[in-house]
2 protein chains.
Amino acid sequence: MTTQEQTRAGSEAAQGVAQEAMEAAVTDGACGDACVEQALDIFAQLCPSRAMFAELVDKWSMLILMSLAACGPQRFSELQRGVGGVSRKMLTQSLRTLERDGLVRRTVYPETPPRVVYELLPLGGELAALLEPIGRWTERRTGQMVAARDEFDRVHDEA
Amino acid sequence: MTTQEQTRAGSEAAQGVAQEAMEAAVTDGACGDACVEQALDIFAQLCPSRAMFAELVDKWSMLILMSLAACGPQRFSELQRGVGGVSRKMLTQSLRTLERDGLVRRTVYPETPPRVVYELLPLGGELAALLEPIGRWTERRTGQMVAARDEFDRVHDEA
DNA sequence: TCCGAACGGTCTCCAATATAGACCAGGTCT
DNA sequence: AGACCTGGTCTATATTGGAGACCGTTCGGA
């Protein structure tokens, strides 16, 4: 099956069907050409690990995981303040996904006002540990990349 | 400045202005409350490292960097086949961003048909080295996360 | 001789997604 | 009494990404 065919097949596997395909594929190892004998491959469009990868490397999800790793358990509003710029819609959606995938625990305390606390589960801690070096590297290298971009833009504007 | 004020200020700093702000902020370390004394902070919405982080952790950019790390220099069409599902629009856009930021080198060979080769620059190699463990981890843990999701959905559908 | 495929994109349309802000109930504080 | 807080949901609108057509030149196969 070619990549283009996979692409088209991927489009046909609509959202509602995608998860069923994902679950079946994990069980059977049937991910098209790229996944063989139970090995998953994030480069293969239809491989369930690709869908999972796409879900986890969402910008907001990564920032949330890193924030929970750095600051410990937090409430919804604390996360919203700590992760600058995140909308409530995206915070809610990302937390829901992380909870659903077993990376984050959500605990509701029946109080008024409502108090909901989010904390990392072991899987989430593992992933956060891998993400943190990327965050630190970005902070360290931003100066160089901005300089590279200025140079690139200067050269290409002159062209 | 509160997060909400930063959020509004961020909206006002439109795309056309965002880069100027980014460049000035890198120089001056002026990133609002969260960035102090030359320290960059990806959690701060207006910090230039945040914009850089958002740009680099794009799903397609990460897959491209990892593909170049794994397979060496590649042509546009090779990347398109190797990174299953990427549209030409996104492949072009992501490569342009990576080249512009100094992570990837683009070499055009004046031939027919056109031959363009993309390869990692040192900065890109650094980042790819940090991304690769995340890809491997996702492949390793996909089964567990799919199982967690099934359990979550079963419990919440019953509710 | 003609047609299809390949290359590396750009462009346009439209579907999908994200942002911004209003809204909700109940409690606390000024 | 009014403002603010909590943790969201909902809606309108702006933004983004996917799909496919299009471009010129060359090469190979029918």
Expressed as a whole number of angstroms, how long is the span from [X]:[atom1] to [N]:[atom2]?
X	N	atom1	atom2	answer
W60(A)	dT17(C)	CH2	P	17 Å
Y118(B)	dG8(C)	OH	C1'	8 Å
Q80(B)	dT10(C)	CD	C1'	14 Å

In [range], which ones come under 4.0 Å of DNA chain D, going by heavy atoms?
range	result
residues 70-78 of chain A	R75(A), F76(A), S77(A)
residues 106-115 of chain A	R106(A), P113(A), P114(A)
residues 87-97 of chain A	R88(A), T92(A)

Between [X] and [Y] (side chain of the first, backbone of the second, donor and acceptor by atom type, cut-off under 3.5 Å), is there such a pair?
X	Y	answer
D101(A)	L103(A)	no
E139(B)	I42(A)	yes
R50(A)	G84(B)	yes

Q: For residues M145(B) and E55(A), determine if any side-chain heavy atom of one lies less than 4.5 Å from a side-chain heavy atom of the other.
A: no
Q) Considering only heavy atoms from C-beta outward, does the side chain of I134(B) approach that of L131(A) to under 4.5 Å? A) yes
Q. In the hydrophobic clustering that connects Ile, Leu, Val, Met, Phe, Trp and Tyr at side-chain heavy-atom distances below 4.5 Å, which members other than L121(B) occupy its cluster, ordered by chain and number?
A. none
(Q) My understanding is that only residues two or more places apart in sequence, or in another chain, count here; which of them pass side-chain contact (heavy atoms from CB on, under 4.5 Å) with T112(A)? (A) none
Q.
Side-chain N or O of R81(B) versus OP1/OP2 of dG8(C): is the shortest distance under 4.0 Å?
A. no
Q: Please answer: with hydrophobic residues joined when any side-chain heavy atoms are less than 4.5 Å apart, are L123(A) and L98(A) in the same cluster?
A: yes
If you look only at distance, which donor and acceptor atoms sit under 3.5 Å apart when one is on a side chain in residues 60-69 of chain B and the other is two or more places apart or in another chain?
| residue | atom | partner | partner atom | Å |
| --- | --- | --- | --- | --- |
| S61(B) | OG | D58(B) | OD2 | 3.3 |
| S67(B) | OG | Q74(B) | NE2 | 3.0 |

Q. So, for T142(A) and M52(B), which heavy atoms are closest and what is the spacing to 0.1 Å?
A. OG1-CB, 3.9 Å
